[in-house]
Amino acid sequence: MIEVYWQLFYTFFKIGLFGFGGGYAMLSMIQYEVVVVHKWLTISEFTDIIAISQVTPGPIAINSATYIGYTATGGTVPGSVIATIAVCLPSVIIMVLICRFFTLFKKNKYVMAAMSGMNPAAIGLIAAAAVLLMNKQNFTDYAGVLIFIGTFVLSYFFKWGAIRIIVLAAIIGYVIY
């Protein structure tokens, strides 16, 4: 059992370390490690975790790490704690270092170039997460497709906020399903 805890820590520390762009950018990395490499969850269970992590308060990467840690260790709280700390720890370490040295290097051309390269990579990871969630488990009928299209239209063209869209989608889902 202790081996699973070490695997959880290593896996989520690695995800936290290389997950530039926030939680949504980390989703494809989390899915690969959790579903493909370690087989702690099925793709359907992973999709459910993403949905639950979306509607619970807090960052999606931390919420999903907490739930995956709990599930991967057979329902233990230490598994949740280890996965959650592991995904946050790299950011804490990096932010402490950046805060300490940022004023010295903020105008450095190499630092600026590295940041310019990471921006498109973060957008690509977010797009990969969106494509990853476009699977048959999420689009089982035309209603799911219409909710997806409606969500996109309300968000992109009408500039509705995420909370209004999530509440509306939940109501529509409750009525339809």
Side-chain angles (χ1 to χ4, degrees), residues 4 7-91 121-156 160-177:
V4 174
Q7 287 177 343
L8 267 175
F9 183 84
Y10 175 72
T11 299
F12 280 99
F13 187 85
K14 181 172 57 172
I15 290 167
L17 186 61
F18 295 107
F20 294 102
Y24 290 102
M26 291 180 184
L27 287 180
S28 59
M29 294 169 59
I30 294 171
Q31 184 269 337
Y32 176 76
E33 292 289 334
V34 170
V35 176
V36 177
V37 175
H38 296 289
K39 298 181 179 20
W40 288 325
L41 302 171
T42 66
I43 188 68
S44 179
E45 291 170 325
F46 180 75
T47 301
D48 291 343
I49 287 174
I50 300 308
I52 291 168
S53 296
Q54 290 255 27
V55 298
T56 53
I60 192 167
I62 294 172
N63 291 346
S64 59
T66 303
Y67 184 80
I68 291 165
Y70 184 81
T71 305
T73 58
T76 68
V77 173
S80 294
V81 172
I82 288 169
T84 304
I85 289 172
V87 81
C88 296
L89 192 58
S91 297
I123 293 169
L125 289 170
I126 292 169
V131 171
L132 172 75
L133 294 173
M134 291 183 191
N135 55 41
K136 62 184 174 185
Q137 286 83 13
N138 290 329
F139 295 100
T140 57
D141 56 13
Y142 289 111
V145 174
L146 291 176
I147 292 171
F148 170 76
I149 292 169
T151 300
F152 177 78
V153 169
L154 290 173
S155 175
Y156 188 76
W160 274 32
I163 295 171
R164 288 173 64 187
I165 293 172
I166 289 170
V167 169
L168 179 62
I171 292 169
I172 292 170
Y174 180 77
V175 170
I176 292 174
Y177 299 108

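Scope of the values below: all heavy atoms of this structure, side chains included, with no hydrogens, waters or symmetry mates.
Between T73 and P78, the closest side-chain pair of non-hydrogen atoms is not below 4.5 Å. Side-chain atoms of T42 and V35, non-hydrogen and from C-beta on, never get closer than 4.5 Å to each other. Taking the side chain as every heavy atom from C-beta outward, E33 and K14 approach each other to under 4.5 Å. Side chains of F12 and L17 form no contact here, defined as non-hydrogen atoms less than 4.5 Å apart. Inter-residue side-chain proximity for F9 and L89 is flagged as met; some heavy-atom pair is nearer than 4.5 Å. Annotation: side chain of T76 is not in contact with side chain of Y70 (no heavy-atom distance under 4.5 Å).
Across every non-hydrogen atom of A83 and A65, the tightest pair is CB-O, 3.2 Å. The two residues L27 and A129 make their nearest non-hydrogen contact at CB-CB, 3.7 Å. When all heavy atoms are compared, the tightest approach of N63 to S53 is ND2-O, 3.3 Å.
From S155, atom OG reaches atom CZ of R164 across 11.5 Å, with rounding to the nearest 0.5 Å. Summarising the geometry, atom CG belonging to L125 is positioned 5.0 Å from atom OG belonging to S28; distances are rounded to the nearest 0.5 Å. How far CD1 of I147 is from CD1 of I172: 6.0 Å, rounded to the nearest 0.5 Å. The distance from atom CD of E45 to atom CD1 of I52, rounded to the nearest 0.5 Å, is 10.5 Å. To the nearest 0.5 Å, atom CD1 of residue I68 and atom CG of residue L8 are 9.0 Å apart. Annotation: the span from N135 atom CG to T140 atom OG1 amounts to 10.5 Å, rounded to 0.5 Å.
T84 and T66 share a donor-acceptor pair across their side chains, judged by distance under 3.5 Å alone. Looking at Y24 and Q54, their side chains do bring a donor and an acceptor atom within 3.5 Å of each other.
For CD1 of I163, the number of neighbouring non-hydrogen atoms (other residues, nucleotides, ligands) closer than 6.0 Å is 12 at most.
Aromatic ring pairs are classed by plane angle as parallel below 30°, tilted from 30° to 60° and perpendicular above 60°; the pair F148 and F139 is perpendicular.
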**Asked** Passes side chain to side chain contact (heavy atoms under 4.5 Å, CB included), I43 versus Q31? Steps please.
**Response** CA-CA 8 Å; I43 188 68; Q31 184 269 337; 3.6 Å; yes
**Request:** Carefully, step by step, assess F46 and I30 under the rule side chain to side chain contact (heavy atoms under 4.5 Å, CB included).
**Result:** CA-CA 9 Å; F46 180 75; I30 294 171; 3.6 Å; yes
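Residue pairs meeting the side chain to side chain donor-acceptor pair (under 3.5 Å) criterion with at least one member in residues 168-177, sequence neighbours excluded, are D141-Y177.
A side chain to side chain contact (heavy atoms under 4.5 Å, CB included) with L41 is found for exactly one of D48, T47, T71, namely T71.
A donor-acceptor distance shorter than 3.5 angstrom exists from the side chain of S64 to the backbone of A61, with no hydrogens or angles considered.
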